[in-house]
Structures are given as structure tokens and as C-alpha cells.
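Comments concern the structure below.
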Protein chains: 2
Amino acid sequence: MPRNRDAVRLRLQEAALDLYLERGYDKTTTGDIAAHAGVTERTFFRHFADKREVFFDGETELRDLLTDAVTAVPVGTRPLPTLRAAFHQVVPLIERNLPVTERRAPVIAATPALQERALAKSAALVATLTDALRARGVAEPLAALCAQVGMDTYSTAIRRWRADRTDDLHTHLDRAFTDLRLAANALK
Amino acid sequence: MPRNRDAVRLRLQEAALDLYLERGYDKTTTGDIAAHAGVTERTFFRHFADKREVFFDGETELRDLLTDAVTAVPVGTRPLPTLRAAFHQVVPLIERNLPVTERRAPVIAATPALQERALAKSAALVATLTDALRARGVAEPLAALCAQVGMDTYSTAIRRWRADRTDDLHTHLDRAFTDLRLAANALK
DNA sequence: CAGATTCGTGTCAGTGACTGACGAAAAGAA
DNA sequence: TTCTTTTCGTCAGTCACTGACACGAATCTG
């Protein structure tokens with residue numbers, strides 16, 4: 001019964017993913033997950049705030065990398081090009097995480113509770129992107145809009161990339177941002 | 001003890017809002033809400049799927065109006081102008097609902113669980129907008145992106161309008177869509 | 001108007017997510 | 001070793017949510 005915090009955390013995450021895949025989210029109790037990880041239910045809740053949170057954990061890494069990438073863009077660059085450049089920077093991380101992401105996908109698709117949490121995580125990312133843009137001098141009302149729209153475009157690129165991997169993520173990213181520009185140009 | 005389904009539903013919603021405002025969401029039990037509405041906790045869950053759902057109810061009306069507004073736009077109009085026109089159409093509904101919306105706002109701002117649900121509701125709206133665009137011949141990958149971006153722009157307009165009501169919602173709507181166009185134009 | 005049907009509700013029992021308090025054991029430092 | 005901190009197990013408890021059953025009211029039928 002090791003007392004290694006990180007190891008327990010990892011075992012809980014793996015157990016959760018395995019059980020969610022095997023029986024489904026609803027038919028898996030937090031006690032089941034804990035038992036599979038060799039700990040108690042109480043310990044589960046010491047590591048994760050709730051039954052959904054154990055599913056989302058690499059988010060902080062993406063968040064930090066993304067904010068760093070935003071600040072690394074040359075000053076004076078307009079907000080959306082800034083975000084596009086930042087997204088290009090994190091492509092390696094996304095590609096590396098693809099196997100895990102693909103295992104999670106069917107579980108999320110099958111359980112509304114996890115979809116809600118995924119939306120919340122995305123919204124939190126948008127908030128940090130908004131802050132990063134504001135830190136670069138983008139006015140408040142525009143920063144939030146650009147962060148949102150940028151995230152949507154990024155999500156679209158990821159979705160298309162996972163559906164069609166003949167082109168790489170960089171290509172899909174540029175394509176999605178081009179689609180955005182053309183669509184917005186029709187607004188005049 | 002009236003047997004009117006709609007009346008009970010309304011009383012539950014009002015009781016929930018009152019109690020959430022008074023004690024906060026976390027310190028309010030579903031039993032409290034039911035008692036204030038003169039029914040049992042079990043009846044509460046016959047009217048609403050969960051404790052969060054009682055808070056969001058006018059969504060179907062907005063959804064229907066919005067899809068109707070989209071189909072009412074002349075065919076051949078590009079997706080984002082279509083959405084902009086549709087949003088202009090539902091302005092009266094939004095203005096009419098403002099008092100209720102403003103009462104709900106502080107509660108949502110204080111409770112993450114309700115923020116998550118609000119995001120889910122918004123995502124559902126985006127999904128119906130995507131369908132509405134597809135029904136008008138917009139290709140799949142573009143439809144989703146435009147629906148998302150359109151919703152963000154709409155949300156931005158609403159947010160600015162609630163913060164500064166010297167201009168009306170129509171003005172804020174046009175302003176937000178202009179911001180979007182200018183921001184996207186910098187992408188080239 | 002009497003009877004049958006349907007619908008909304010109350011009651012009860014139960015599961016499972018989540019929390020606080022306390023004690024024990026392991027890990028690290030002195 | 002001994003002291004301190006961290007991590008875990010145990011226990012008791014609250015609350016969201018569900019299924020099953022029964023009862024009464026509204027509605028439909030003849």
C-alpha cells in the first residue's frame with residue numbers, strides 16, 4: 001500500500017478510464033474506482049473534487065503551454081493571428097496526447113455529465129486566453145470575443161483533424177482560420 | 001393543493017430562485033424548494049431533471065424562435081449574416097426577459113454548478129443553430145464553426161448590453177459583429 | 001350522472017456522490 | 001531513534017436522485 005501521492009492519483013485516473021470504458025460512467029461508482037486503484041472511496045475524493053474531475057487532468061499543462069505561447073508571439077500582432085500562432089505552438093502536445101484523447105472520446109460522447117465538464121474546461125481555457133490577450137494590451141470587450149472565437153476555430157480544427165488525418169493538424173488549423181476569415185468577411 | 005401541472009412548475013421555479021438568492025444554491029436543498037412550493041421533494045424531481053434544471057427553463061422558447069428566425073432569412077444569405085439577422089429578430093424576447101435574467105445573474109455568478117449548466121444550454125443552442133444552417137445548405141464543417149462563432153458574438157453583445165445600456169441591444173449586436181469582422185480580417 | 005381511466009401527487013425505501021472529524025501509519029527531517 | 005508532516009482508513013452523516021406503490025383528483029365515457 002504505497003503512500004506515493006502521484007502514483008495513487010495516476011492509478012485512480014487509469015482505473016476510472018478503464019471502468020468508464022467497460023461499464024459506462026453511470027454504472028461505475030466512485031467506490032469501484034477506488035477499489036480498482038487499491039484505495040478507499042474517501043481517498044478518491046482527496047485526489048479529485050468529484051467523479052467527473054478524475055477524467056480531466058492534463059488541462060493545466062495545455063493551459064500553461066498556451067499562455068506561454070501567447071506571450072511568445074511578437075508584440076503588435078493582432079489578437080486572432082496571435083492565437084493562431086499560439087495554437088500552432090501546442091500542436092506537438094496535442095499530437096502526443098491523441099491516444100489518450102481518443103480513448104476518452106467515446107466515454108465523453110456517451111455521458112452528458114462529462115460533456116458539461118468538458119465545456120467548463122474549455123470555458124476556463126478561454127478565460128485564461130482572454131487574460132493573456134488583455135496582458136498584451138487588447139481591450140477588454142474585444143479580448144473575450146477573440147479568445148472565444150479563437151477557441152472555437154481551434155476546436156473545429158481538432159475535430160476535423162480527428163475525423164480526417166490525411167492532413168496534419170497544422171494544415172487543419174490554417175484551414176479553419178481561413179474559413180473563419182472568409183465567413184466573417186461576408187458580414188460587411 | 002391544486003393539481004395544475006403548470007402552476008406547480010411555476011411555483012417551484014419561483015421558490016428555487018427566491019431561495020437561491022436568499023441562502024445561495026449550495027445551502028438550498030431540493031426539499032426546501034419543494035416545501036416552499038407546497039409540494040414534496042419527489043414532485044420536484046417529477047418536474048425537473050435535477051437541482052440545476054429548475055433554474056433554466058425559457059430556453060426552449062429562445063431556441064424555437066431562433067430557428068424560426070434563421071429559416072426566415074432569405075435563402076442565399078451567407079451563414080454569419082444569417083445568424084446576425086436571426087439574433088436581431090429575437091431581440092424583443094431578450095429585452096422582455098431581462099428582468100428575470102438580471103435576477104438570475106448573481107446566482108449563476110456565485111455557483112459553478114449553474115455556470116456549467118449554462119454552458120451546456122448554450123452548447124445545445126449552438127447545436128440547433130448548426131442544424132438550422134445545415135438545413136439551409138451550409139456545408140457541415142463550416143456550419144458548426146459559424147454557429148459557434150455567431151453564438152459567441154451574440155453572447156458578447158448581450159454581455160456588453162447588460163453592462164452598458166445607453167445603447168440598445170441592436171446596436172451592440174451590430175457592433176459585436178463588426179468587431180468580429182475586423183478581427184478576422186487581420187488573419188490573412 | 002355514475003363509472004372507468006388517466007394523471008399528478010404523497011409516501012417509503014434505497015442508492016450513490018460527497019464531506020467532516022478523528023486516528024493510525026508511512027515518509028521525511030532532526 | 002524521535003519528532004513532524006503527509007497521506008490514508010474508518011465512521012457517520014447529509015443530500016441529490018430514483019423506483020415502486022397507493023391514493024385522490026381531474027377527465028373521459030356511456
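Heavy-atom basis, side chains included; hydrogens, waters and symmetry copies ignored.
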* Asked: Reckon His47(A) has a side-chain N or O less than 4.0 Å from the OP1 or OP2 of dT7(D)?
  -> no

* Between the base of dG10(C) and the side chain of Arg46(B), is there a donor-acceptor distance below 3.5 Å? -> yes

* Quick one: sort the Phe177(A) and Phe87(A) rings into parallel, tilted or perpendicular, breaks at 30° and 60°. => tilted

* Are the side chain of Arg9(B) and the backbone N or O of His47(B) linked by a donor-acceptor pair below 3.5 Å? -> yes

* Structure fact -> Among the nucleotides dC8(D), dG19(D), dC17(D), whichever has the atom closest to the side chain of Arg42(B) is dG19(D)

* Can you check the Ile33(B) CD1 to dC15(D) P distance for me, whole Å? -> 13 Å

* Please determine, by modelled atom types, if Thr171(B) and Asp168(B) share a side-chain donor-acceptor pair under 3.5 angstrom. => yes

* Asked: Whole-Å distance between dT14(D) C1' and Asp32(B) CG?
  -> 12 Å

* Looking at Thr30(A), does any N or O in its side chain come under 4.0 Å of the phosphate oxygens OP1/OP2 on dA17(C)? -> yes

* Between Asp131(B) and Arg134(B), is there a side-chain N and carboxylate O pair less than 4.0 Å apart? -> yes

* To do: Nearest whole angstrom, please: distance from the C1' of dA17(C) to the CG of Leu114(A).
  => 14 Å

* **Nearest-Å distance for atom pair CG/P, residues Asp50(B) and dG16(C)** => 19 Å

* Do Asp32(B) and Thr29(B) get their side chains close enough for a donor-acceptor pair, meaning under 3.5 Å? -> yes

* Asked: Can you find a donor-acceptor N/O pair under 3.5 angstrom joining the side chain of Arg9(B) to the base of dG8(C)?
  -> no

* Structure fact -> Among dA17(C), dC17(D), dG10(C), the one nearest any side-chain atom of Lys51(A) is dA17(C)

* Using a heavy-atom cut-off of under 4.0 Å over every strand shown, decide if Thr29(B) touches base, sugar-phosphate, or nothing. => sugar-phosphate

* Structure fact -> Whole-Å distance, Asn4(B) CG to dG24(D) C1', equals 16 Å

* Asked: To the nearest angstrom, how far is Phe45(B) atom CZ from dC15(D) atom C1'?
  -> 9 Å

* Any Arg5(A) side-chain nitrogen or oxygen under 4.0 Å from OP1 or OP2 of dA26(C) -> no

* To do: Give the rounded distance in Å between these two atoms: CD of Glu41(A) and C1' of dG13(D).
  => 13 Å

* Mind calculating the distance between CD (Glu53(B)) and P (dC17(D)) to the nearest angstrom? => 10 Å

